[in-house]
**Q** 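Got a structure for you, written out below as structure tokens; questions coming shortly.
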Amino acid sequence: MNLAKRLGTTVAATALLFGGLTTIGAGPASAASPCDARAYQNNSSAYGYFFGSYNLKTRPAAECSNVKKFSAGTKLYIWCYIYNYYGHAWVYGRVEGTQTKGWISADNVSYEGGSLNIC
């Protein structure tokens with residue numbers, strides 16, 4: 001399953017549980033620019049695999065600096081997710097077998113299981 005679709009379902013379910021106190025859909029995050037520092041924490045147990053060859057990023061936007069490029073099928077342990085400056089879902093995680101961590105668009109990672117929590 002596409003992780004971005006899974007996150008959309010999670011947000012919709014949360015909105016229903018809290019009687020509409022939460023807006024459905026993604027609004028822009030509170031950062032002043034796309035590459036501003038973001039807080040993150042290891043509070044999820046999700047994992048997935050890269051759909052293609054992608055760079056992990058230092059911040060949750062395509063124009064931010066690269067950490068390192070990984071090939072399709074790379075396993076990512078997902079620590080948490082946010083909606084970035086543009087309102088798109090991004091996840092922070094660690095690549096299996098390494099200490100390499102970074103951000104990637106949720107559209108580029110599968111969802112295989114585990115909990116998904118906001119950063």
Side-chain angles (χ1 to χ4, degrees):
M1 170 187 267
N2 181 303
L3 185 57
K5 289 180 184 175
R6 171 72 175 142
L7 290 174
T9 302
T10 300
V11 169
T14 301
L16 290 173
L17 286 172
F18 291 102
L21 294 175
T22 306
T23 59
I24 296 177
S30 61
S33 75
C35 296
D36 281 353
R38 299 295 184 128
Y40 56 85
Q41 55 189 325
N42 188 353
N43 66 359
S44 300
S45 63
Y47 69 97
Y49 298 93
F50 286 29
F51 287 129
S53 182
Y54 299 109
N55 283 304
L56 279 180
K57 300 294 206 168
T58 58
R59 305 288 191 261
E63 65 267 31
C64 302
S65 300
N66 295 329
V67 173
K68 186 174 179 182
K69 191 169 196 167
F70 292 93
S71 60
T74 298
K75 186 174 184 176
L76 183 72
Y77 293 109
I78 300 165
W79 287 20
C80 59
Y81 75 93
I82 64 157
Y83 289 96
N84 72 359
Y85 180 84
Y86 303 107
H88 299 124
W90 280 66
V91 298
Y92 185 86
R94 179 182 63 82
V95 173
E96 179 184 50
T98 74
Q99 290 302 312
T100 306
K101 301 173 201 104
W103 294 95
I104 187 168
S105 170
D107 289 331
N108 299 333
V109 181
S110 70
Y111 169 74
E112 301 298 325
S115 66
L116 291 168
N117 296 299
I118 198 153
C119 295

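Since we're looking at a predicted model, the values are computed, not measured.
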**Q** Among the clusters formed by ILVMFWY side chains lying less than 4.5 Å apart, do Y111 and I118 turn up in the same one?
**A**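 Yes, same cluster.
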
**Q** Find the distance between OG (S65) and CH2 (W103) and round it off to the nearest 0.5 Å.
**A** 15.0 Å

**Q** Got a donor-acceptor contact below 3.5 angstrom from the S44 side chain to the A46 backbone?
**A**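 Checking the backbone N and O of A46 against the side chain of S44, no donor-acceptor pair under 3.5 Å is found.
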
**Q** Quick one: does S105's side chain have a donor or acceptor within less than 3.5 Å of a partner on D107's backbone?
**A** yes

**Q** State the NZ-CG distance between K101 and L56, to the nearest 0.5 angstrom.
**A** 11.5 Å

**Q** Just verifying a value: how many Å separate K75 NZ and R94 CZ, rounded to the nearest 0.5 Å?
**A**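 So the gap between those two atoms works out to 9.5 Å.
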
**Q** Once rounded to the nearest 0.5 Å, what's the spacing between atom OG1 of T74 and atom CG of L76?
**A**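 These two atoms lie 9.0 Å from each other.
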
**Q** State whether the side chain of N66 and the backbone N or O of N55 hold a donor-acceptor pair below 3.5 Å, judged by distance alone.
**A**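 Not at all, since once roles are kept as given, no pair shorter than 3.5 Å links the two residues.
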
**Q** Just how far is it from atom SG of C64 to atom OH of Y85, taken to the nearest 0.5 Å?
**A** 11.5 Å

**Q** List the residues meeting side-chain contact (heavy atoms from CB on, under 4.5 Å) with S53, not counting sequence neighbours, and say none if there are none.
**A**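 Counting only residues at least two positions away or on another chain, S53 forms a side-chain contact (heavy atoms from CB on, under 4.5 Å) with K69.
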
**Q** Give me the atom names and distance for the closest heavy-atom approach of L116 to I78.
**A**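 Residues L116 and I78, closest heavy atoms: CD2-CG2, 4.3 Å.
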
**Q** Check whether any side-chain N or O of S45 sits under 3.5 Å from a backbone N or O of G114 as a donor-acceptor pair, and report yes or no.
**A**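 It does not hold such a pair.
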
**Q** Ignoring hydrogens and geometry, is there a side-chain-to-backbone donor-acceptor pair from K57 to A62 under 3.5 Å?
**A** yes

**Q** Under 4.5 Å between side-chain heavy atoms, counting indirect links through other Ile/Leu/Val/Met/Phe/Trp/Tyr residues: same cluster for F51 and Y49 or not?
**A** no

**Q** Please report the interatomic distance CD(E63) to OH(Y86), rounded to the nearest 0.5 Å.
**A**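 OH of Y86 is found 3.5 Å from CD of E63.
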
**Q** Would you confirm whether N84, through its side chain, and P60, through its main-chain N or O, come within 3.5 Å as a donor-acceptor pair?
**A**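 Looks like yes, one N/O pair under 3.5 Å.
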
**Q** What orientation do F70 and F50 show, parallel under 30°, tilted 30 to 60°, or perpendicular over 60°?
**A**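 Ring orientation of F70 relative to F50: perpendicular.
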
**Q** In terms of the angle between their ring planes, are Y47 and Y77 parallel, tilted or perpendicular, with boundaries placed at 30° and 60°?
**A** tilted

